[in-house]
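Here's the structure, in structure tokens; my notes come after.
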Amino acid sequence: MLLRRCAILYIEPRDDLQLDLRVLFSGTNALDSSVRWVALAPHIGRELDISDDEMLALGKIGAALWVERADCEQRHSKEVIARLLELGLLIANGGEAGEPKQLAATRDRDEALRAQHWHSLAALTHTFTRWEDVCAETGTRFPSFDLLQAEYGPPPPTTLEFDTADDNVVLPAAAEGPLDSALLNRYTCRNFDPEASLPLALAARLLQRTFGAQEQRLMSPTASAPGAMALKKTSPSGGSLHPMEAYVLVQRVDGVKPGLYHYHPVRHVLQPLRMLEAEQAYQLAFDAVANQHWFANAPMLVVMAARVERNFWKYRKHAKSYRALTLDAGHLSQTFYLLAAEAGVSAFITAAINEIKVEQALDLDPLKHAVIAICGCGFAAAEKTMVEFRQGDLTGW
Ligand SMILES: Cc1cc2nc3c(=O)[nH]c(=O)nc-3n(C[C@H](O)[C@H](O)[C@H](O)COP(=O)(O)O)c2cc1C
């Protein structure tokens, strides 16, 4: 059998602090610390404890070339190699009769990761910062500035001041412009009308003008591959690749059944993926936005999930590519907010999401589809119970 290390692996010395109550009562330093090795491999997606010997073996077996298992066992012991294979940190080349299913499964995950061309730190950041069952802080005032201030003192000032008063270039006030109304009315809504539904034409305009493509263009005049197309949208995108897919969770849109849909940016259609009862749709929204009930009842939510291989096709293992994906989501969300404001509805974005719940609902592989954020929109309720910065009411509460 041949072996190699998995494609991406980071090992962290992790401190564990323990409080020894008996020592505490005797009046001496009661904190004890121990350090252990934690292996972080994106194709596995959960932390693994490894021993000193296993850590050393991983530092000697490369991720590119296949080597003989027998040689590795001779150098690092049979037990070490067997455990690293079992954990999925070493990959077997396969092809042997009776190969355990688990070895084939981890090889598949490792190959899926290799095929995407992630920058290793980005793969690590993305896979290990996803949430599954997190419940975001709740309360009548959000965020709780009073609590933060009590704990940490006042926040850093709102901006930088330089000692340049005499030389400052005084600028004219912004002239009025056609975008002003949308820009100045944009705010993050945390009080949606729980009954109101979105007119279909309004939902369709928001989707098309935010996520729809005005046109498809060949990436270069000489591009010969049939898929070598760039998309032109109203927001910018790194490399004009627009890898962000919009998955729409419909709760109350006139004429559209509650459920999960994929928005097709060229055909301008909602492709039904899963029909849901209204309560199921609400529960999914609630779980997805980490129990932020102030967003969960929006009539339409949009999950932004980047198809990473489209971006990484050009920006292979690139240090900036993951940053570009999150910037793409930010641009799209601001466009969505402005269109909502223009149409007289209100919008939100949240990055505090249970990505794993969303991946499960949409059957997305996190190595291939990076769920980045969720935005949504709807009519604002007249009554406010949650803090927000509505135009004309900038106190927030
Ligand atoms: C990337 C990002 C993530 C956000 N996540 C949350 C969130 O989890 N919960 C929330 O209530 N607001 C969230 N917001 C909204 C901000 O709190 C909001 O933009 C800010 O309070 C300023 O208010 P405004 O948008 O009305 O100007 C997020 C905004 C951004 C840009």
Side-chain angles (χ1 to χ4, degrees), residues 42 45-47 122 124-148 151 187-194 244-252 258-261 273-274 276-306 322 325-330 332-334 336-337 340 346-367 369-378 380-381 384-389 396-397:
R46 64 193 159 78
E47 298 180 352
L124 202 68
T125 304
H126 184 70
T127 48
F128 285 94
T129 55
R130 286 146 62 239
W131 290 350
E132 182 162 12
D133 279 314
V134 173
C135 166
E137 186 190 354
T138 52
T140 48
R141 284 189 169 195
F142 181 84
S144 169
F145 289 117
D146 299 344
L147 224 141
L148 288 171
E151 188 89 347
Y187 73 100
T188 297
C189 183
R190 297 194 186 86
N191 300 276
F192 287 103
D193 180 335
M244 203 64 67
E245 298 293 336
Y247 295 94
V248 183
L249 175 53
V250 170
Q251 301 207 74
R252 298 179 309 282
L260 271 173
Y261 298 79
L273 303 176
R274 262 179 74 188
L276 300 166
E277 296 299 326
E279 307 79 62
Q280 291 175 306
Y282 178 79
Q283 190 58 48
L284 178 55
F286 186 69
D287 290 345
V289 298
N291 300 20
Q292 297 181 81
H293 54 85
W294 51 95
F295 292 150
N297 63 359
M300 181 170 87
L301 293 91
V302 183
V303 172
M304 287 187 273
Y322 187 67
L325 297 181
T326 59
L327 285 168
D328 277 13
L332 290 163
S333 91
Q334 172 71 351
F336 188 80
Y337 264 86
S346 308
F348 76 84
I349 179 171
T350 174
I353 57 175
N354 282 314
E355 295 89 343
I356 296 175
K357 283 272 159 62
V358 176
E359 290 157 7
Q360 287 165 353
L362 288 165
D363 197 18
L364 299 178
D365 179 346
L367 299 180
H369 303 264
V371 175
I372 306 278
I374 296 181
C375 56
C377 67
K384 279 207 308 181
T385 52
M386 296 296 297
V387 60
E388 52 183 37
F389 292 115
W397 44 81

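Note that the structure is predicted; figures quoted are calculated from it, not measured.
Under the rule for a salt bridge (Lys or Arg N to Asp or Glu O under 4.0 Å), R252 has no partner lying at least two apart in sequence or in another chain. Residues that satisfy the side chain to side chain donor-acceptor pair (under 3.5 Å) test with E47, not counting sequence neighbours, are R14.
Judged by distance alone, with hydrogens and angles left aside, the side-chain atoms of N191 form no donor-acceptor pair with the main-chain N or O of A381 at under 3.5 Å. For the pair Q251 (side chain) and A285 (backbone), a donor-acceptor distance under 3.5 Å is absent. Between the side chain of E151 and the backbone N or O of L148 there is no donor-acceptor pair closer than 3.5 Å. Using a distance-only test at 3.5 Å, with no hydrogens or angles considered, no donor-acceptor pair links the side chain of R190 to the main chain of M386. The closest donor-acceptor contact from the side chain of Q334 to the backbone of A329 lies at 3.5 Å or more, if one exists at all.
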ask   = Do L284 and L260 pass the side chain to side chain contact (heavy atoms under 4.5 Å, CB included) test, and can you show the C-alpha distance, the side-chain angles, and the key distance before you say yes or no?
value = CA-CA 10 Å; L284 178 55; L260 271 173; 3.7 Å; yes

request  = Apply ring-ring contact (aromatic ring centres under 6.0 Å, His included) to the pair Y322 and H126, showing each step before the final yes or no.
outcome  = CA-CA 9 Å; Y322 187 67; H126 184 70; 5.7 Å; yes

task = List the steps, then state whether side chain to side chain contact (heavy atoms under 4.5 Å, CB included) holds for V303 with L249.
result = CA-CA 8 Å; V303 172; L249 175 53; 5.8 Å; no

task = Decide side-chain hydrogen bond (donor to acceptor under 3.5 Å, both in side chains) for Y337 and T188; before the verdict, give the C-alpha distance in whole Å, the side-chain angles of both, and the deciding distance to 0.1 Å.
result = CA-CA 8 Å; Y337 264 86; T188 297; 2.7 Å; yes

request  = For the pair N297 and Y282, evaluate side chain to side chain contact (heavy atoms under 4.5 Å, CB included) and give the outcome as yes or no after the intermediate values.
outcome  = CA-CA 7 Å; N297 63 359; Y282 178 79; 4.0 Å; yes

Side chain to side chain contact (heavy atoms under 4.5 Å, CB included) between I374 and M304, intermediate numbers included = CA-CA 6 Å; I374 296 181; M304 287 187 273; over 6 Å; no

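Within the 4.5 Å cutoff, the side chain of N291 has heavy atoms near those of the F286 side chain.
Taking the six-membered ring for Trp and thresholds of 30 and 60 degrees, F348 and F192 have ring planes more than 60 degrees apart, a perpendicular arrangement.
The side-chain contact (heavy atoms from CB on, under 4.5 Å) test with I353 is passed by exactly one of I372, V371, D287: V371. Just one of V248, V289, T350 meets the side-chain contact (heavy atoms from CB on, under 4.5 Å) condition when paired with L301; it is V289.
In this structure, OG in S333 is found 11.5 Å from CG in D328, a value given to the nearest 0.5 Å. The distance from atom CH2 of W294 to atom SG of C189, rounded to the nearest 0.5 Å, is 13.0 Å.
C377 and P299 make their closest contact through O-CD, 3.2 Å (heavy atoms, listed as atom of the first residue, atom of the second, distance). Nearest approach of N354 to A290, heavy atoms of both residues: ND2-CA, 3.5 Å. When all heavy atoms of Y187 and A380 are compared, the closest pair comes out as OH-CB, 3.4 Å. Of all the heavy atoms in Q292 and A136, the pair that sits closest is CG-CB, 3.6 Å. Counting all heavy atoms, side chain and backbone alike, H369 lies closest to Y247 at ND1-OH, 4.3 Å. For L124 against P42, the heavy-atom pair with the smallest separation is N-CG, 4.0 Å.
Applying the salt bridge (Lys or Arg N to Asp or Glu O under 4.0 Å) test to pairs two or more places apart or on separate chains, those with a residue in residues 347-363 are R130-E359, D133-K357.
Dense packing is recorded around CD of E132, with more than 12 heavy atoms of other residues, nucleotides or ligands lying under 6.0 Å away.
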